[in-house]
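Order of appearance sets the numbers: ligands from 1, and atoms from 1 within every ligand. Counting begins at 1 with the first residue of the sequence. Heavy-atom basis, side chains included; hydrogens, waters and symmetry copies ignored.
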Amino acid sequence: MTHRIAVLISGAGSNLQAILDAVEAGTLAARVTLVLSNKAAAGGLQRAARAGIPRAVIDHRDYADRAAFDAAMIARIDEHGADTVVLAGFMRILTPLFVNHYAGRLINIHPSLLPKYQGLNTHARALEAGDHEHGCSVHFVTEELDGGPLIAQARIAVAENDTAASLSKRVQRCEHELYPRVLSWRAEQRLRLTDQGVELDGERLPPQGRQTALAAMAERH
Ligand code: GRF
């Protein structure tokens, strides 16, 4: 059966677009069953509409608490079916209820070389720290925010004249290559989370995940 992916967004959805493009190009053998947003105005919803993908808006403000919001999302996602649930710029903190329901099949992308710079403003923080390299990470989601087992990372060099905006642009281009690639590992059943850690092709990955070479990494500032 074709691997089913549900994508959760809150914003522009450029990572969602990269996933849809990879499906269209045949490099990601999966079907996006649902795009779910907590914001009606999220640009990613239009991208889903253009691709003919079912969409849902579940506004967190309509729910008494996080648990009720998460339960509503679970019901909707499971109605459509998902072998992997993909967080792509989804800006709500998820409860243990949600995270455990999708244990081992919930994945996030984060714009830093985790464990560095969990949370927001990652590009500015990397610059402030004087880092010479920066990048993005894809990880399984656990109860610890931005702290789950790492699957893959892509690194870029930080130039002296980089700004948070220029870094963000280059890191995003890496994200758009890295995320569909990791999801294709899932779709091909090569990637799983075990009690010992992340396994790719039957081998345990190191704590920082697979260090991945991408075309976008060679881009200059
Ligand atoms: C990405 O930078 C991702 O790393 C972070 O949120 C951003 C989403 O961007 N989690 P987009 O909505 O996919 O364009």
Side-chain angles (χ1 to χ4, degrees), residues 5-24 28 30 32 34-51 53 55-60 73 84-94 98-99 102 106-127 131 133-142 144-156 158 162-183 208-210 212 214 216-217 219:
I5 290 176
V7 185
L8 272 54
I9 61 167
S10 300
S14 68
N15 278 286
L16 165 67
Q17 188 66 56
I19 292 164
L20 295 174
D21 290 349
V23 170
E24 177 73 23
L28 171 55
V32 179
L34 176 70
V35 172
L36 193 162
S37 173
N38 66 314
K39 294 200 168 167
L45 288 169
Q46 259 99 62
R47 300 178 190 270
R50 277 201 295 276
I53 309 286
R55 283 153 289 148
V57 176
I58 299 185
D59 191 328
H60 56 279
M73 287 200 297
T84 301
V85 175
V86 171
L87 305 179
F90 183 70
M91 300 304 284
R92 302 295 301 169
I93 291 172
L94 296 162
F98 189 96
V99 171
Y102 296 109
L106 181 59
I107 293 183
N108 183 42
I109 191 158
H110 184 78
S112 78
L113 296 171
L114 291 170
K116 277 188 159 179
Y117 315 127
Q118 303 176 337
L120 298 174
N121 303 319
T122 57
H123 310 301
R125 286 157 70 198
L127 279 178
D131 290 356
E133 59 172 14
H134 185 45
C136 57
S137 307
V138 177
H139 64 95
F140 281 107
V141 176
T142 59
E144 195 195 333
L145 184 68
D146 296 329
L150 287 163
I151 302 166
Q153 292 186 322
R155 291 163 191 273
I156 59 165
V158 178
D162 258 318
T163 61
S166 68
L167 274 184
S168 154
K169 218 166 153 185
R170 291 213 303 296
V171 168
Q172 276 234 326
R173 283 202 282 266
C174 287
E175 292 183 15
H176 300 159
E177 249 183 283
L178 187 63
Y179 219 178
R181 189 177 305 188
V182 168
L183 294 175
Q208 288 188 304
R210 173 65 56 88
T212 313
L214 304 173
M217 285 162 55
E219 281 175 17

S.K.: Between the main-chain N or O of Cys136 and the side-chain N or O of Arg155, is there a donor-acceptor pair closer than 3.5 Å?
M.R.: no
S.K.: Which atoms of ligand 1 are found less than 4.0 Å from any heavy atom of Glu175?
M.R.: 1 (C), 2 (O), 3 (C), 4 (O)
S.K.: In the protein, which heavy atom is nearest to atom 13 (O) of ligand 1, and how far is it?
M.R.: Asn15 N, 2.8 Å
S.K.: Residues two or more places apart in sequence or in another chain: which of them pass side-chain hydrogen bond (donor to acceptor under 3.5 Å, both in side chains) with Ser137?
M.R.: Gln153
S.K.: Go through ligand 1 atom by atom and flag the ones less than 4.0 Å from a non-hydrogen atom of Gln172.
M.R.: 1 (C), 2 (O), 7 (C), 9 (O), 14 (O)
S.K.: Charged N to carboxylate O under 4.0 angstrom, Arg170 versus Asp162?
M.R.: yes
S.K.: If only atom types and distance count, is the side chain of Thr163 paired as donor or acceptor with the main-chain N or O of Ser166 below 3.5 Å?
M.R.: yes
S.K.: Do you see a donor-acceptor pair shorter than 3.5 Å between the side chains of His110 and Thr122?
M.R.: no
S.K.: As an exercise, identify every atom of ligand 1 less than 4.0 angstrom from a heavy atom of Ser14.
M.R.: 11 (P), 12 (O), 13 (O), 14 (O)
S.K.: Between Asn108 and Tyr179, do the side chains contain a donor N or O and an acceptor N or O under 3.5 Å apart?
M.R.: no
S.K.: Which of the listed options, Gly13, Gly43, Gly89, holds the heavy atom that is closest to atom 12 (O) of ligand 1?
M.R.: Gly13
S.K.: Under 3.5 Å between some N or O of ligand 1 and some N or O of Asn108?
M.R.: no
S.K.: Does ligand 1 come near enough to Ile109 that some N or O of the ligand is less than 3.5 Å from an N or O of the residue?
M.R.: yes
